[in-house]
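Note sheet for the following structure.
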Amino acid sequence: MGRIASRPEASILHADLDSFFASVEQRDDPRLRGRPVIVGGGVVLAASYEAKAYGVRSAMGGRQASRLCPDALVVPPRFSAYVEASRRVFEIFEDTTPLVEGISIDEAFLDVGGLRRLVGSPETIGAALRERVREEVGLPISVGIARTKYLAKVASAVSKPDGLLLVPPDGEREFLHPLPVERLWGVGAITAAKLHADGIRTIGQLAEREELELTVAVGKAAGRHLWALANLRDPRPVEVGRRRRSIGSQSALGRAGRRRTREELDVRLAALVDRVARRLRGGERIGRTFTLRLRFDDYTRATRSATLPRSTAATATWLETGRRLLDVAWPLIEERGCTLLGITISGLEAAGPGVWEQLELPLFVEESRGDRLDVALDQVRDRFGSAAVTRAAQVGRHLGLEMPTLPDPAPRHA
DNA sequence: TCTGGGGTCCTAGGACCC
DNA sequence: TCTGGGGTCCTAGGACCC
(Lines give C-alpha, C1' and ligand atoms only; values in the text may rest on other atoms or scores of the structure.)
Protein backbone atom coordinates (compact mmCIF):
# COMPACT_ATOMS: atom_id res chain seq x y z
CA MET A 1 0.00 0.00 0.00
CA GLY A 2 1.11 3.54 -0.59
CA ARG A 3 3.26 2.48 -3.47
CA ILE A 4 3.38 4.29 -6.74
CA ALA A 5 0.09 3.75 -8.51
CA SER A 6 1.26 3.96 -12.07
CA ARG A 7 4.74 2.88 -12.90
CA PRO A 8 6.61 3.19 -16.12
CA GLU A 9 8.14 -0.26 -15.91
CA ALA A 10 6.70 -3.75 -16.21
CA SER A 11 7.89 -5.08 -12.86
CA ILE A 12 5.02 -7.07 -11.40
CA LEU A 13 5.33 -10.81 -11.76
CA HIS A 14 2.47 -13.25 -11.61
CA ALA A 15 3.84 -16.72 -10.95
CA ASP A 16 1.47 -19.64 -11.39
CA LEU A 17 2.31 -23.34 -11.07
CA ASP A 18 1.10 -25.35 -14.07
CA SER A 19 -1.63 -27.93 -13.37
CA PHE A 20 -0.29 -27.90 -9.86
CA PHE A 21 -1.73 -31.08 -8.29
CA ALA A 22 -1.21 -33.10 -11.47
CA SER A 23 2.39 -31.88 -11.80
CA VAL A 24 3.17 -32.96 -8.25
CA GLU A 25 1.80 -36.41 -9.03
CA GLN A 26 3.88 -36.64 -12.20
CA ARG A 27 6.94 -35.49 -10.32
CA ASP A 28 6.50 -38.14 -7.63
CA ASP A 29 5.58 -41.07 -9.87
CA PRO A 30 7.62 -41.48 -13.05
CA ARG A 31 4.95 -43.73 -14.54
CA LEU A 32 2.65 -40.72 -14.77
CA ARG A 33 5.06 -38.55 -16.74
CA GLY A 34 4.10 -37.75 -20.29
CA ARG A 35 0.68 -39.30 -19.76
CA PRO A 36 -2.81 -37.88 -19.24
CA VAL A 37 -3.32 -37.64 -15.47
CA ILE A 38 -6.45 -36.66 -13.60
CA VAL A 39 -6.32 -35.87 -9.88
CA GLY A 40 -9.61 -36.46 -8.09
CA GLY A 41 -12.43 -38.92 -8.27
CA GLY A 42 -16.00 -37.70 -8.57
CA VAL A 43 -14.77 -34.28 -9.60
CA VAL A 44 -11.60 -33.34 -11.47
CA LEU A 45 -9.37 -31.33 -9.12
CA ALA A 46 -6.55 -31.04 -11.65
CA ALA A 47 -5.65 -32.42 -15.06
CA SER A 48 -2.20 -32.70 -16.62
CA TYR A 49 -1.65 -30.97 -19.95
CA GLU A 50 -1.80 -34.36 -21.66
CA ALA A 51 -5.33 -34.76 -20.26
CA LYS A 52 -6.28 -31.15 -21.00
CA ALA A 53 -5.51 -31.86 -24.65
CA TYR A 54 -8.58 -34.13 -24.60
CA GLY A 55 -10.75 -31.35 -23.20
CA VAL A 56 -10.57 -32.39 -19.56
CA ARG A 57 -10.90 -29.40 -17.22
CA SER A 58 -10.86 -28.84 -13.45
CA ALA A 59 -14.25 -28.96 -11.72
CA MET A 60 -15.54 -31.28 -14.41
CA GLY A 61 -17.48 -34.37 -13.32
CA GLY A 62 -15.36 -37.50 -13.24
CA ARG A 63 -17.68 -39.38 -15.56
CA GLN A 64 -17.48 -36.77 -18.27
CA ALA A 65 -13.72 -36.59 -17.88
CA SER A 66 -13.25 -40.31 -18.43
CA ARG A 67 -15.57 -40.16 -21.43
CA LEU A 68 -13.36 -37.47 -22.97
CA CYS A 69 -10.12 -39.19 -22.06
CA PRO A 70 -10.63 -42.91 -21.40
CA ASP A 71 -6.88 -43.55 -21.10
CA ALA A 72 -6.36 -41.04 -18.33
CA LEU A 73 -4.67 -42.26 -15.19
CA VAL A 74 -6.82 -41.21 -12.26
CA VAL A 75 -5.10 -40.66 -8.92
CA PRO A 76 -6.56 -39.58 -5.58
CA PRO A 77 -5.38 -36.22 -4.25
CA ARG A 78 -2.54 -36.06 -1.70
CA PHE A 79 -3.11 -32.67 -0.10
CA SER A 80 -0.19 -32.85 2.30
CA ALA A 81 2.20 -33.26 -0.67
CA TYR A 82 0.66 -30.18 -2.34
CA VAL A 83 0.91 -28.11 0.83
CA GLU A 84 4.56 -29.07 1.21
CA ALA A 85 5.38 -28.30 -2.44
CA SER A 86 3.59 -24.97 -2.15
CA ARG A 87 5.55 -24.09 0.98
CA ARG A 88 8.83 -24.67 -0.82
CA VAL A 89 7.79 -22.65 -3.85
CA PHE A 90 6.71 -19.75 -1.65
CA GLU A 91 10.11 -19.85 0.05
CA ILE A 92 11.65 -19.23 -3.35
CA PHE A 93 9.19 -16.36 -3.93
CA GLU A 94 10.13 -14.78 -0.59
CA ASP A 95 13.76 -15.26 -1.39
CA THR A 96 13.25 -13.38 -4.66
CA THR A 97 11.57 -10.31 -3.16
CA PRO A 98 9.93 -9.39 0.15
CA LEU A 99 6.95 -8.03 -1.79
CA VAL A 100 4.97 -11.25 -2.27
CA GLU A 101 1.17 -11.46 -2.32
CA GLY A 102 -0.07 -15.03 -2.19
CA ILE A 103 -3.31 -15.59 -4.07
CA SER A 104 -3.81 -19.29 -3.53
CA ILE A 105 -1.86 -22.47 -2.92
CA ASP A 106 -0.26 -22.28 -6.38
CA GLU A 107 0.05 -18.64 -7.40
CA ALA A 108 1.34 -15.27 -6.21
CA PHE A 109 2.16 -11.75 -7.30
CA LEU A 110 5.73 -10.52 -6.82
CA ASP A 111 6.81 -6.91 -7.07
CA VAL A 112 10.38 -6.80 -8.34
CA GLY A 113 10.49 -3.07 -9.04
CA GLY A 114 13.69 -1.64 -7.66
CA LEU A 115 15.66 -4.84 -7.97
CA ARG A 116 17.00 -4.06 -11.43
CA ARG A 117 20.31 -2.58 -10.32
CA LEU A 118 20.92 -5.18 -7.64
CA VAL A 119 19.64 -8.32 -9.29
CA GLY A 120 18.60 -7.71 -12.85
CA SER A 121 15.62 -6.93 -15.05
CA PRO A 122 12.18 -8.31 -14.22
CA GLU A 123 12.54 -10.69 -17.13
CA THR A 124 15.86 -12.01 -15.82
CA ILE A 125 14.34 -12.40 -12.37
CA GLY A 126 11.30 -14.21 -13.78
CA ALA A 127 13.49 -16.60 -15.75
CA ALA A 128 15.66 -17.30 -12.71
CA LEU A 129 12.58 -17.91 -10.61
CA ARG A 130 11.26 -20.47 -13.07
CA GLU A 131 14.58 -22.23 -13.13
CA ARG A 132 14.84 -22.40 -9.36
CA VAL A 133 11.33 -23.81 -8.96
CA ARG A 134 12.13 -26.42 -11.61
CA GLU A 135 15.50 -27.31 -10.07
CA GLU A 136 14.65 -27.17 -6.39
CA VAL A 137 11.02 -28.30 -6.30
CA GLY A 138 10.76 -30.15 -9.58
CA LEU A 139 7.70 -28.33 -10.87
CA PRO A 140 6.90 -26.26 -13.95
CA ILE A 141 5.76 -22.70 -13.27
CA SER A 142 4.64 -19.97 -15.65
CA VAL A 143 5.41 -16.30 -15.14
CA GLY A 144 3.67 -13.24 -16.54
CA ILE A 145 5.31 -9.82 -16.24
CA ALA A 146 3.57 -6.49 -16.69
CA ARG A 147 3.04 -3.02 -15.26
CA THR A 148 -0.10 -4.06 -13.35
CA LYS A 149 -1.24 -7.13 -11.46
CA TYR A 150 -4.14 -8.07 -13.66
CA LEU A 151 -2.15 -7.72 -16.81
CA ALA A 152 0.57 -9.91 -15.32
CA LYS A 153 -2.09 -12.47 -14.43
CA VAL A 154 -3.43 -12.53 -17.98
CA ALA A 155 0.13 -12.77 -19.29
CA SER A 156 0.99 -15.82 -17.21
CA ALA A 157 -2.19 -17.55 -18.37
CA VAL A 158 -1.39 -16.79 -22.01
CA SER A 159 2.19 -18.02 -21.54
CA LYS A 160 1.12 -21.45 -20.24
CA PRO A 161 2.28 -24.16 -20.15
CA ASP A 162 5.73 -23.67 -18.70
CA GLY A 163 6.15 -20.21 -20.18
CA LEU A 164 7.30 -16.69 -19.50
CA LEU A 165 5.70 -13.65 -21.08
CA LEU A 166 6.51 -9.99 -20.64
CA VAL A 167 4.01 -7.36 -21.70
CA PRO A 168 5.96 -4.16 -22.37
CA PRO A 169 4.23 -0.92 -21.30
CA ASP A 170 3.95 0.26 -24.90
CA GLY A 171 2.48 -3.06 -26.04
CA GLU A 172 -0.34 -3.43 -23.53
CA ARG A 173 -3.30 -2.61 -25.76
CA GLU A 174 -1.96 -4.70 -28.57
CA PHE A 175 -1.64 -7.63 -26.18
CA LEU A 176 -4.88 -7.27 -24.25
CA HIS A 177 -7.50 -5.97 -26.64
CA PRO A 178 -7.77 -8.93 -29.04
CA LEU A 179 -8.34 -11.38 -26.15
CA PRO A 180 -11.84 -12.63 -25.30
CA VAL A 181 -13.47 -11.08 -22.22
CA GLU A 182 -13.37 -14.47 -20.48
CA ARG A 183 -9.64 -14.00 -20.08
CA LEU A 184 -10.19 -11.29 -17.47
CA TRP A 185 -10.07 -12.31 -13.84
CA GLY A 186 -13.59 -12.03 -12.51
CA VAL A 187 -15.41 -12.72 -15.74
CA GLY A 188 -17.10 -16.09 -15.42
CA ALA A 189 -19.87 -17.74 -17.40
CA ILE A 190 -22.64 -15.40 -16.23
CA THR A 191 -20.82 -12.11 -16.67
CA ALA A 192 -19.51 -13.29 -20.04
CA ALA A 193 -23.05 -14.09 -21.15
CA LYS A 194 -24.25 -10.63 -20.11
CA LEU A 195 -21.42 -9.00 -22.02
CA HIS A 196 -22.03 -11.16 -25.08
CA ALA A 197 -25.68 -10.11 -25.00
CA ASP A 198 -24.44 -6.52 -25.29
CA GLY A 199 -22.29 -7.43 -28.27
CA ILE A 200 -19.06 -7.42 -26.28
CA ARG A 201 -16.79 -10.37 -26.96
CA THR A 202 -13.25 -9.00 -26.80
CA ILE A 203 -11.49 -6.86 -24.22
CA GLY A 204 -11.01 -4.25 -26.95
CA GLN A 205 -14.77 -4.01 -27.39
CA LEU A 206 -15.06 -3.66 -23.62
CA ALA A 207 -12.70 -0.71 -23.74
CA GLU A 208 -14.86 1.07 -26.29
CA ARG A 209 -17.81 1.27 -23.89
CA GLU A 210 -18.54 3.94 -21.32
CA GLU A 211 -18.03 3.01 -17.68
CA LEU A 212 -21.69 3.75 -16.95
CA GLU A 213 -22.82 1.37 -19.67
CA LEU A 214 -20.82 -1.45 -18.12
CA THR A 215 -22.07 -0.79 -14.60
CA VAL A 216 -25.64 -1.00 -15.90
CA ALA A 217 -24.85 -4.30 -17.62
CA VAL A 218 -23.03 -6.14 -14.82
CA GLY A 219 -23.42 -4.06 -11.64
CA LYS A 220 -21.55 -1.13 -10.17
CA ALA A 221 -18.42 -2.71 -8.78
CA ALA A 222 -17.95 -5.29 -11.53
CA GLY A 223 -18.60 -2.68 -14.23
CA ARG A 224 -16.06 -0.25 -12.81
CA HIS A 225 -13.59 -3.03 -12.40
CA LEU A 226 -13.98 -4.25 -15.98
CA TRP A 227 -13.75 -0.75 -17.35
CA ALA A 228 -10.54 -0.13 -15.40
CA LEU A 229 -8.99 -3.38 -16.56
CA ALA A 230 -9.88 -2.94 -20.21
CA ASN A 231 -8.51 0.60 -20.14
CA LEU A 232 -5.35 -0.47 -18.34
CA ARG A 233 -6.13 1.53 -15.22
CA ASP A 234 -5.55 -1.01 -12.50
CA PRO A 235 -3.49 0.70 -9.81
CA ARG A 236 -3.76 -2.07 -7.22
CA PRO A 237 -0.41 -2.63 -5.55
CA VAL A 238 1.02 -5.97 -4.51
CA GLU A 239 -0.18 -6.40 -0.93
CA VAL A 240 2.04 -8.21 1.51
CA GLY A 241 0.64 -10.13 4.46
CA ARG A 242 -3.06 -10.26 3.66
CA ARG A 243 -4.93 -12.21 6.30
CA ARG A 244 -7.70 -14.69 5.82
CA ARG A 245 -11.15 -13.17 6.39
CA SER A 246 -13.07 -16.37 7.04
CA ILE A 247 -12.47 -20.01 7.88
CA GLY A 248 -14.86 -22.76 6.91
CA SER A 249 -15.41 -26.39 6.23
CA GLN A 250 -18.05 -28.33 4.39
CA SER A 251 -18.87 -31.88 3.49
CA ALA A 252 -21.01 -33.31 0.74
CA LEU A 253 -23.52 -35.87 1.95
CA GLY A 254 -23.69 -38.08 -1.10
CA ARG A 255 -26.73 -39.01 -3.09
CA ALA A 256 -29.81 -36.87 -3.14
CA GLY A 257 -33.12 -38.23 -1.97
CA ARG A 258 -31.87 -39.97 1.14
CA ARG A 259 -33.62 -38.79 4.26
CA ARG A 260 -31.31 -37.48 6.92
CA THR A 261 -32.15 -37.58 10.56
CA ARG A 262 -31.63 -34.59 12.76
CA GLU A 263 -29.12 -36.62 14.79
CA GLU A 264 -27.13 -37.50 11.69
CA LEU A 265 -26.79 -33.85 10.68
CA ASP A 266 -26.00 -32.87 14.23
CA VAL A 267 -23.06 -35.28 14.29
CA ARG A 268 -21.76 -33.83 11.04
CA LEU A 269 -22.24 -30.31 12.30
CA ALA A 270 -20.26 -31.12 15.43
CA ALA A 271 -17.40 -32.53 13.34
CA LEU A 272 -17.31 -29.40 11.18
CA VAL A 273 -17.38 -27.10 14.22
CA ASP A 274 -14.58 -29.08 15.86
CA ARG A 275 -12.42 -28.74 12.78
CA VAL A 276 -13.06 -25.05 12.15
CA ALA A 277 -12.81 -23.93 15.77
CA ARG A 278 -9.53 -25.76 16.07
CA ARG A 279 -8.17 -24.09 12.95
CA LEU A 280 -9.32 -20.76 14.38
CA ARG A 281 -7.36 -21.36 17.56
CA GLY A 282 -4.37 -22.72 15.66
CA GLY A 283 -4.26 -19.47 13.69
CA GLU A 284 -4.77 -17.41 16.85
CA ARG A 285 -7.95 -15.87 15.53
CA ILE A 286 -11.40 -15.29 16.95
CA GLY A 287 -14.56 -14.70 14.95
CA ARG A 288 -18.06 -13.28 15.35
CA THR A 289 -20.32 -14.58 12.58
CA PHE A 290 -21.36 -18.16 11.97
CA THR A 291 -22.83 -19.14 8.61
CA LEU A 292 -24.54 -22.47 8.10
CA ARG A 293 -24.41 -23.58 4.50
CA LEU A 294 -26.95 -25.96 3.00
CA ARG A 295 -27.35 -27.62 -0.36
CA PHE A 296 -30.69 -29.26 -1.06
CA ASP A 297 -31.54 -32.35 -3.09
CA ASP A 298 -31.97 -30.23 -6.23
CA TYR A 299 -28.48 -28.74 -5.65
CA THR A 300 -29.77 -25.24 -4.97
CA ARG A 301 -28.27 -23.63 -1.91
CA ALA A 302 -29.18 -21.54 1.09
CA THR A 303 -27.35 -20.03 4.05
CA ARG A 304 -28.41 -19.09 7.57
CA SER A 305 -26.15 -16.94 9.68
CA ALA A 306 -25.89 -15.40 13.12
CA THR A 307 -23.57 -12.83 14.60
CA LEU A 308 -22.52 -13.09 18.23
CA PRO A 309 -22.15 -10.10 20.55
CA ARG A 310 -18.51 -11.04 21.17
CA SER A 311 -15.83 -12.77 19.16
CA THR A 312 -14.78 -16.23 20.17
CA ALA A 313 -12.90 -19.37 19.15
CA ALA A 314 -14.59 -21.62 21.70
CA THR A 315 -15.92 -24.86 20.25
CA ALA A 316 -18.86 -25.03 22.65
CA THR A 317 -20.09 -21.54 21.77
CA TRP A 318 -19.90 -22.19 18.05
CA LEU A 319 -21.55 -25.58 18.34
CA GLU A 320 -24.43 -24.05 20.23
CA THR A 321 -24.75 -21.35 17.56
CA GLY A 322 -24.62 -23.92 14.79
CA ARG A 323 -27.33 -26.00 16.46
CA ARG A 324 -29.56 -22.96 16.79
CA LEU A 325 -29.21 -22.30 13.07
CA LEU A 326 -29.78 -25.95 12.24
CA ASP A 327 -33.03 -25.71 14.23
CA VAL A 328 -34.03 -22.68 12.21
CA ALA A 329 -33.24 -24.44 8.94
CA TRP A 330 -34.69 -27.81 9.87
CA PRO A 331 -38.16 -27.36 8.27
CA LEU A 332 -36.43 -26.38 5.03
CA ILE A 333 -34.22 -29.47 5.16
CA GLU A 334 -37.18 -31.76 5.83
CA GLU A 335 -38.94 -30.30 2.84
CA ARG A 336 -36.10 -30.13 0.33
CA GLY A 337 -33.54 -32.68 1.51
CA CYS A 338 -29.88 -32.01 2.18
CA THR A 339 -26.86 -32.95 0.05
CA LEU A 340 -24.24 -30.76 1.69
CA LEU A 341 -23.64 -29.24 5.09
CA GLY A 342 -21.04 -26.53 5.59
CA ILE A 343 -20.05 -23.86 8.05
CA THR A 344 -18.03 -20.66 7.83
CA ILE A 345 -16.83 -18.41 10.61
CA SER A 346 -16.14 -14.84 9.57
CA GLY A 347 -15.57 -11.44 11.11
CA LEU A 348 -12.15 -12.68 12.14
CA GLU A 349 -9.82 -10.81 14.45
CA ALA A 350 -6.39 -11.58 15.81
CA ALA A 351 -6.23 -13.09 19.28
CA GLY A 352 -3.14 -13.66 21.34
CA PRO A 353 -2.09 -17.22 22.12
CA GLY A 354 -4.60 -18.77 24.48
CA VAL A 355 -6.98 -15.82 24.27
CA TRP A 356 -9.99 -17.34 22.65
CA GLU A 357 -12.63 -15.04 23.74
CA GLN A 358 -12.94 -11.32 23.91
CA LEU A 359 -13.67 -11.28 27.57
CA GLU A 360 -15.85 -8.90 29.38
CA LEU A 361 -14.28 -9.18 32.75
CA PRO A 362 -17.16 -10.36 34.93
CA LEU A 363 -18.14 -13.00 32.42
CA PHE A 364 -14.99 -14.95 31.82
CA VAL A 365 -15.40 -17.64 34.45
CA GLU A 366 -18.31 -19.34 32.77
CA GLU A 367 -16.50 -20.00 29.51
CA SER A 368 -13.17 -20.91 30.96
CA ARG A 369 -14.07 -24.55 31.51
CA GLY A 370 -14.88 -24.98 27.82
CA ASP A 371 -11.61 -23.26 26.98
CA ARG A 372 -9.65 -25.70 29.09
CA LEU A 373 -11.31 -28.61 27.34
CA ASP A 374 -10.42 -27.07 23.97
CA VAL A 375 -6.79 -26.69 25.06
CA ALA A 376 -6.59 -30.29 26.14
CA LEU A 377 -8.22 -31.62 22.98
CA ASP A 378 -6.03 -29.46 20.73
CA GLN A 379 -2.93 -30.77 22.47
CA VAL A 380 -3.97 -34.39 22.12
CA ARG A 381 -4.76 -33.88 18.44
CA ASP A 382 -1.52 -32.03 17.81
CA ARG A 383 0.41 -34.95 19.25
CA PHE A 384 -1.56 -37.90 18.01
CA GLY A 385 -3.46 -36.62 14.99
CA SER A 386 -6.98 -35.36 14.37
CA ALA A 387 -8.52 -38.81 14.68
CA ALA A 388 -7.14 -39.35 18.18
CA VAL A 389 -10.12 -37.79 19.93
CA THR A 390 -13.61 -38.10 18.53
CA ARG A 391 -16.99 -37.12 19.84
CA ALA A 392 -18.80 -40.06 21.34
CA ALA A 393 -21.58 -39.74 18.78
CA GLN A 394 -19.13 -40.33 15.95
CA VAL A 395 -17.52 -43.45 17.32
CA GLY A 396 -18.31 -46.59 15.40
CA ARG A 397 -20.29 -44.81 12.75
CA HIS A 398 -19.21 -44.58 9.20
CA LEU A 399 -20.60 -41.31 8.09
CA GLY A 400 -18.63 -41.01 4.92
CA LEU A 401 -16.39 -38.34 6.41
CA GLU A 402 -13.24 -38.15 4.36
CA MET A 403 -10.45 -40.11 5.94
CA PRO A 404 -6.90 -39.06 5.13
CA THR A 405 -6.17 -40.36 1.66
CA LEU A 406 -3.04 -42.42 1.31
CA PRO A 407 -0.98 -42.25 -1.84
CA ASP A 408 -2.10 -44.86 -4.30
CA PRO A 409 0.98 -46.64 -5.65
CA ALA A 410 -0.86 -48.14 -8.59
CA PRO A 411 -2.98 -45.62 -10.45
CA ARG A 412 -6.05 -47.17 -11.96
CA HIS A 413 -7.38 -46.55 -15.39
CA ALA A 414 -10.42 -44.33 -15.58
C1' DT B 1 -22.14 -30.63 -16.55
C1' DC B 2 -25.24 -34.88 -12.46
C1' DT B 3 -21.81 -31.56 -9.09
C1' DG B 4 -15.50 -31.26 -3.96
C1' DG B 5 -13.66 -28.13 -0.71
C1' DG B 6 -11.52 -23.88 0.32
C1' DG B 7 -11.99 -19.10 -0.22
C1' DT B 8 -13.08 -13.64 -1.89
C1' DC B 9 -16.01 -9.83 -2.84
C1' DC B 10 -20.47 -7.52 -4.06
C1' DT B 11 -25.54 -6.43 -3.71
C1' DA B 12 -29.84 -5.50 -1.73
C1' DG B 13 -33.14 -4.96 1.82
C1' DG B 14 -34.35 -4.11 6.58
C1' DA B 15 -33.42 -2.37 11.25
C1' DC B 16 -31.80 1.26 13.66
C1' DC B 17 -29.64 5.74 14.59
C1' DC B 18 -28.89 10.74 14.06
C1' DT C 1 -49.52 15.56 9.70
C1' DC C 2 -46.17 14.32 6.79
C1' DT C 3 -41.83 13.06 5.83
C1' DG C 4 -35.32 14.12 4.41
C1' DG C 5 -30.88 12.29 3.91
C1' DG C 6 -27.01 9.76 5.46
C1' DG C 7 -24.67 6.13 7.80
C1' DT C 8 -23.79 1.43 9.95
C1' DC C 9 -24.74 -3.28 10.90
C1' DC C 10 -26.85 -7.63 9.85
C1' DT C 11 -28.75 -11.29 6.84
C1' DA C 12 -29.23 -13.77 2.56
C1' DG C 13 -28.02 -14.59 -1.93
C1' DG C 14 -24.93 -14.63 -5.87
C1' DA C 15 -20.76 -14.53 -8.91
C1' DC C 16 -16.31 -15.87 -9.16
C1' DC C 17 -11.64 -18.00 -8.26
C1' DC C 18 -8.28 -22.02 -7.53
Side-chain angles (χ1 to χ4, degrees), chain A residues 14 16-22 38-47 55-68 76-77 79 82-83 86 101-108 150 153 156-157 160 181-195 215 217-226 236 239 242-257 272 275-276 279 283 288-309 325 328-329 332 339-348 400-402 405:
Chain A
H14 179 256
D16 195 345
L17 290 152
D18 298 327
S19 298
F20 179 44
F21 295 178
I38 291 172
V39 180
V43 168
V44 177
L45 295 173
V56 178
R57 296 286 176 267
S58 334
M60 187 177 266
R63 200 160 297 168
Q64 193 202 359
S66 45
R67 216 181 303 123
L68 288 167
F79 289 103
Y82 312 146
V83 168
S86 172
E101 178 182 340
I103 304 296
S104 69
I105 193 166
D106 63 356
E107 59 177 311
Y150 281 66
K153 168 118 174 133
S156 73
K160 278 176 180 293
V181 288
E182 288 87 342
R183 280 286 190 172
L184 289 179
W185 205 15
V187 177
I190 291 171
T191 305
K194 285 180 188 165
L195 294 173
T215 61
V218 300
K220 196 159 127 189
R224 282 183 177 171
H225 176 70
L226 287 182
R236 294 183 210 204
E239 275 180 67
R242 289 187 59 167
R243 299 210 75 180
R244 201 188 298 283
R245 303 180 71 101
S246 67
I247 293 180
S249 186
Q250 60 180 55
S251 84
L253 305 185
R255 273 205 333 283
L272 293 171
R275 194 181 318 167
V276 169
R279 282 171 58 202
R288 270 191 75 207
T289 301
F290 187 105
T291 303
L292 184 72
R293 218 165 278 289
L294 300 168
R295 190 180 66 191
F296 304 113
D297 279 358
D298 63 1
Y299 283 78
T300 58
R301 294 163 176 276
T303 62
R304 293 293 176 268
S305 65
T307 299
L308 303 181
L325 290 169
V328 170
L332 215 51
T339 55
L340 176 142
L341 193 67
I343 70 170
T344 299
I345 292 174
S346 56
L348 301 188
L401 288 175
E402 284 303 312
T405 317

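Note that the structure is predicted; figures quoted are calculated from it, not measured. Note that these values count all heavy atoms, side chains included, but never hydrogens, waters or copies made by symmetry.
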Q: With heavy atoms under 4.0 Å as the rule, sort Ala46(A) into base, sugar-phosphate or nothing.
A: nothing
Q. How are the rings of Tyr150(A) and His225(A) set relative to one another: parallel (under 30°), tilted (30 to 60°) or perpendicular (over 60°)?
A. perpendicular
Q. When we call it a touch if two heavy atoms are under 4.0 Å apart, what does Gly61(A) touch: a base, just sugar-phosphate, or nothing?
A. nothing
Q: Have a look at Gln64(A) and say if it touches a base, only the backbone sugar-phosphate, or nothing, with a 4.0 Å heavy-atom cut-off.
A: sugar-phosphate
Q: Mind checking Ile247(A) for me? I need base, sugar-phosphate or nothing, with any heavy atom below 4.0 Å counting as a touch.
A: sugar-phosphate
(Q) Under 4.0 Å, heavy atoms only, any strand: does Arg293(A) hit a base, just the sugar-phosphate, or nothing? (A) nothing
Q: Would you grab the first and last nucleotide of DNA chain C (5' to 3') that comes under 4.0 Å of any non-hydrogen atom in chain A?
A: dC10(C) to dC18(C)
Q | Sugar-phosphate, base or nothing in reach of Ala222(A), heavy atoms under 4.0 Å | A | nothing
Q: May I ask you to check whether Thr344(A) and Ser246(A) show a side-chain donor-acceptor distance below 3.5 Å?
A: no
Q: Would you classify Ser249(A) as touching base, sugar-phosphate or nothing, given that sugar-phosphate means primed atoms plus P, OP1 and OP2, and contacts are heavy atoms under 4.0 Å?
A: sugar-phosphate
Q) NA contact type, Arg304(A), heavy-atom cut-off 4.0 Å: base, sugar-phosphate, or nothing? A) sugar-phosphate
Q: Remember a base hit wins even if backbone is also touched, and classify Arg224(A) as base, sugar-phosphate or nothing at under 4.0 Å, heavy atoms.
A: nothing
Q: Answer with base, sugar-phosphate or nothing: what part of the nucleic acid does Lys153(A) contact at a heavy-atom distance below 4.0 Å?
A: sugar-phosphate
**Q.** Sub-4.5 Å side-chain heavy-atom contact between Leu226(A) and Leu195(A)
**A.** yes
Q: Mind checking Thr291(A) for me? I need base, sugar-phosphate or nothing, with any heavy atom below 4.0 Å counting as a touch.
A: nothing
(Q) Taking Watson-Crick (N1-N3 plus N6-O4 or O6-N4) and G-U wobble (N1-O2, O6-N3), each under 3.5 Å, can you produce the dot-bracket string of DNA chain C? Use [ ] for crossing pairs and | for inter-strand ones. (A) ....||||||||||||||
Q: Answer with base, sugar-phosphate or nothing: what part of the nucleic acid does Arg288(A) contact at a heavy-atom distance below 4.0 Å?
A: sugar-phosphate
